[in-house]
Amino acid sequence: MEEIFEAIKTVSVKIQNALAYEDTNYTNATNATGDTQLALDVKCDMMIQEQFSKLKCIKQIISEEKPEAMDIHEDGKYIVAYDPLDGSSLVDVNLSVGSIFGIYKHRVDGENLVSSAYVVFGPRVELVIAHNGVKLYRLNEDKKFVFVKDIKLNQKGKHNAPGGTQKNWEAKHKQLIDDIFKDGYRLRYSGGMVPDLHQILLKGGGLFSYPATSDAPKGKLRMAFEVFPFAFVFESAGGEGVDGSKRLLSLSPSHIHDTTPCFFGSVDELKRVRKVYG
Ligand code: FDP
């Protein structure tokens, strides 16, 4: 496992460099979910593939940018699912983006996720690892990640990050979000899952939602490389992740690119979600 975390650290420095200096244009290609790929999506995917291919402990990799799983080492113990560049629609406006990693044993489903990590590329580069607790690291000027602190959520937060196109929300979802704002929560939504969830984690709590909508009845965010890794982070930090009624980590995708509605946050906000959706 440590080898995988070290590989993530090494490749993050390369990704940071690519984000800072390389071409931000779109390609003519689309990925498995139909998103038009940036040249950077493809580049970051290749850099991670290259780094992980060196590790004997990795059996298979699954990337948001690849249509199928890719075999790495037959005798490997782990399957690593990753989103090389999450929030790529924010690259052209220079907002924070991230990379997300889920480390699985045997099969890619919520129950077989054994640890997860994500990297935020903002003014600083920060790495969060959920493995025996949740730890925050920061890249220093010598390009080394140094431990900053353990991350623990409060029972209740102050921030609300409501995803999805509002005109396509169900009435009960609109009511839930309106009620949360009426109770004094502040809007914090950049449109990047990694920085939006990072903010909720570091500010002690709140709610991030990406619900089922009329145009995306199964939500937008992908289980294997976005939803399960963050559900693991939130649970490990004392919060929760649900699809409305069920624990996200109890779900199994039937295809590697399957999506699900999702809600992440601290205990009090998730109670409100279950009351509406349960
Ligand atoms: P993006 O399409 O820019 O890559 O999963 C992708 C994602 O961004 C998440 O990072 C983000 O939370 C979500 O989609 C944003 O979607 P909306 O624009 O529909 O809110």
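For ligands, and for the atoms within them, numbers begin at 1 and follow the listed sequence. Keep in mind that this is a model prediction, so the values were computed, not measured.
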- prompt: For D45 and Y82, does a side-chain donor sit closer than 3.5 Å to a side-chain acceptor?
  reply: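 Yes, a side-chain donor-acceptor pair sits under 3.5 Å.
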- request: Indicate whether any N or O donor in one side chain lies under 3.5 Å from an N or O acceptor in the other, for S53 and E50.
  value: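 Checked: S53/E50 side chains show no N/O donor-acceptor pair below 3.5 Å.
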Considering only protein heavy atoms, which is closest to [atom], and at what distance to one decimal place?
| atom | result |
| --- | --- |
| atom 20 (O) of ligand 1 | Y189 OH, 2.4 Å |
| atom 13 (C) of ligand 1 | K220 NZ, 3.8 Å |
| atom 15 (C) of ligand 1 | G191 O, 3.5 Å |

Could you tell me which atoms of ligand 1, counted from 1 in the order shown, lie closer than 4.0 angstrom to a heavy atom of [X]?
| X | answer |
| --- | --- |
| M193 | 9 (C), 10 (O), 11 (C), 12 (O) |
| D86 | 5 (O), 6 (C), 9 (C), 10 (O) |
| G192 | 10 (O), 12 (O) |
| R222 | 5 (O), 6 (C) |
| S88 | 1 (P), 3 (O), 4 (O) |
| E226 | 5 (O), 6 (C) |
| S89 | 1 (P), 3 (O) |

field: Within reach of ligand 1, part of V194 (heavy-atom separation under 4.0 Å)
entry: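 V194 to ligand 1: no contact under 4.0 Å from either part.
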Structural part of F225 in contact with ligand 1, heavy atom criterion under 4.0 angstrom: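 Neither part.
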query: Any N or O of Y210 that comes nearer than 3.5 Å to an N or O of ligand 1?
result: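 Yes; at least one N/O pair falls below 3.5 Å.
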- prompt: Should the heavy atoms of other residues, nucleotides or ligands under 6.0 Å from CG of N28 be counted, would the total exceed 12?
  reply: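 No, CG of N28 has 12 or fewer neighbouring heavy atoms, counting only those of other groups under 6.0 Å.
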- request: Just go through G87, G164, S190 and tell me whose heavy atom is the nearest to atom 1 (P) of ligand 1.
  value: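 Result: the heavy atom closest to atom 1 (P) of ligand 1 is in G87.
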message: Which residue is it: T260, D83, T33? I am looking for the one with a side-chain hydrogen bond (donor to acceptor under 3.5 Å, both in side chains) to R222.
response: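 Answer to the side-chain hydrogen bond (donor to acceptor under 3.5 Å, both in side chains) test with R222 among T260, D83, T33: T33.
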task: Output every pair passing ring pair (Phe, Tyr, Trp, His ring centres under 6.0 Å) with a member in residues 4-46, not counting sequence neighbours, ordered by first then second residue.
output: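 Qualifying pairs: F5-H131.
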message: Main chain of N31, side chain of D35: is a donor-acceptor contact present, judged purely on distance under 3.5 Å?
response: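 No.
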Pairing residues for Y137 by the ring-ring contact (aromatic ring centres under 6.0 Å, His included) criterion, not counting sequence neighbours: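 Scan of Y137 (ring-ring contact (aromatic ring centres under 6.0 Å, His included), adjacent residues dropped) gives F147.
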message: Between Y277 and F263 (judged by ring centroids, cut-off 6.0 Å), do the two rings come close enough to count as a pair?
response: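 Yes, ring centres under 6.0 Å apart.
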CA sep, side-chain torsions, deciding dist, call: E126, H198, side chain to side chain contact (heavy atoms under 4.5 Å, CB included): CA-CA 10 Å; E126 295 190 329; H198 191 58; 2.8 Å; yes
